[in-house]
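Reviewing the structure listed below.
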Amino acid sequence: MPYTDVPVIPIVSATYKNRKRSNLVKWLMREGGLTVQETADQIGTTKEYLNNKLVRNSFTIEDILRVARIANKSVFIVDNETGKAMRFE
């Protein structure tokens, strides 16, 4: 199956309920070498607003995709049975 060497980070599942989407956003920023201010500037919001979203863990999938794009990262959805993947940019 393709993408077997890609780390899997489930963001929407029953097992994910105790994990924070904010942690994924922080990871994307860290891996992309972005500060909160730089990320906020690039998505067209304030540092304070982005910090509030991080604290409240109030990120939508669209928010995560936007930060991934800014961090020059890709998000994939992989069918676990067939291995087919869809890449979101």
Side-chain angles (χ1 to χ4, degrees):
M1 285 194 314
Y3 306 108
T4 55
D5 60 334
V6 176
V8 175
I9 304 172
I11 59 171
V12 179
S13 71
T15 58
Y16 190 81
K17 66 181 178 182
N18 294 324
R19 298 183 193 168
K20 294 185 176 185
R21 291 182 183 183
S22 293
N23 290 342
L24 178 56
V25 172
K26 289 175 188 177
W27 178 84
L28 286 166
M29 290 190 311
R30 185 173 52 250
E31 290 294 311
L34 299 165
T35 65
V36 174
Q37 183 66 61
E38 292 168 332
T39 305
D41 290 344
Q42 290 191 42
I43 62 174
T45 191
T46 65
K47 177 181 176 181
E48 292 77 16
Y49 181 78
L50 185 56
N51 270 326
N52 284 337
K53 288 183 79 72
L54 287 165
V55 169
R56 293 187 179 122
N57 191 37
S58 61
F59 289 94
T60 64
I61 298 299
E62 291 81 11
D63 293 331
I64 293 168
L65 292 173
R66 189 174 297 121
V67 174
R69 190 175 308 112
I70 292 166
N72 198 30
K73 305 295 178 200
S74 295
V75 175
F76 291 84
I77 295 179
V78 179
D79 183 316
N80 291 330
E81 290 182 19
T82 66
K84 292 183 182 178
M86 181 182 291
R87 179 179 173 180
F88 291 87
E89 295 182 11

Closest non-hydrogen atom pair, [X] against [Y]:
X: M29; Y: T35; answer: SD-O, 4.3 Å
X: K53; Y: S22; answer: O-OG, 3.5 Å
X: T39; Y: I70; answer: O-CD1, 4.3 Å

Could you list the residues that satisfy side chain to side chain donor-acceptor pair (under 3.5 Å) with [X], not counting sequence neighbours?
X: T46; result: none
X: Q37; result: D41
X: E62; result: T60
X: R66; result: D63

With a cut-off of 6.0 Å (strictly less than), are more than 12 heavy atoms of other residues, nucleotides or ligands near CG of N52? yes
Nearest-0.5 Å distance, NZ of residue K20 to CZ of residue F59: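 Rounded to the nearest 0.5 Å, the NZ-CZ separation comes to 11.5 Å.
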State the CD1-OH distance between I43 and Y49, to the nearest 0.5 angstrom. 8.0 Å
With sequence neighbours left out, the residues meeting side-chain contact (heavy atoms from CB on, under 4.5 Å) with N51 are V36, K47, L54
Transitively linked via ILVMFWY side-chain contacts under 4.5 Å: M86 with I61? yes
side-chain contact (heavy atoms from CB on, under 4.5 Å) evaluation trace for Q42 with L34: CA-CA 10 Å; Q42 290 191 42; L34 299 165; 4.0 Å; yes
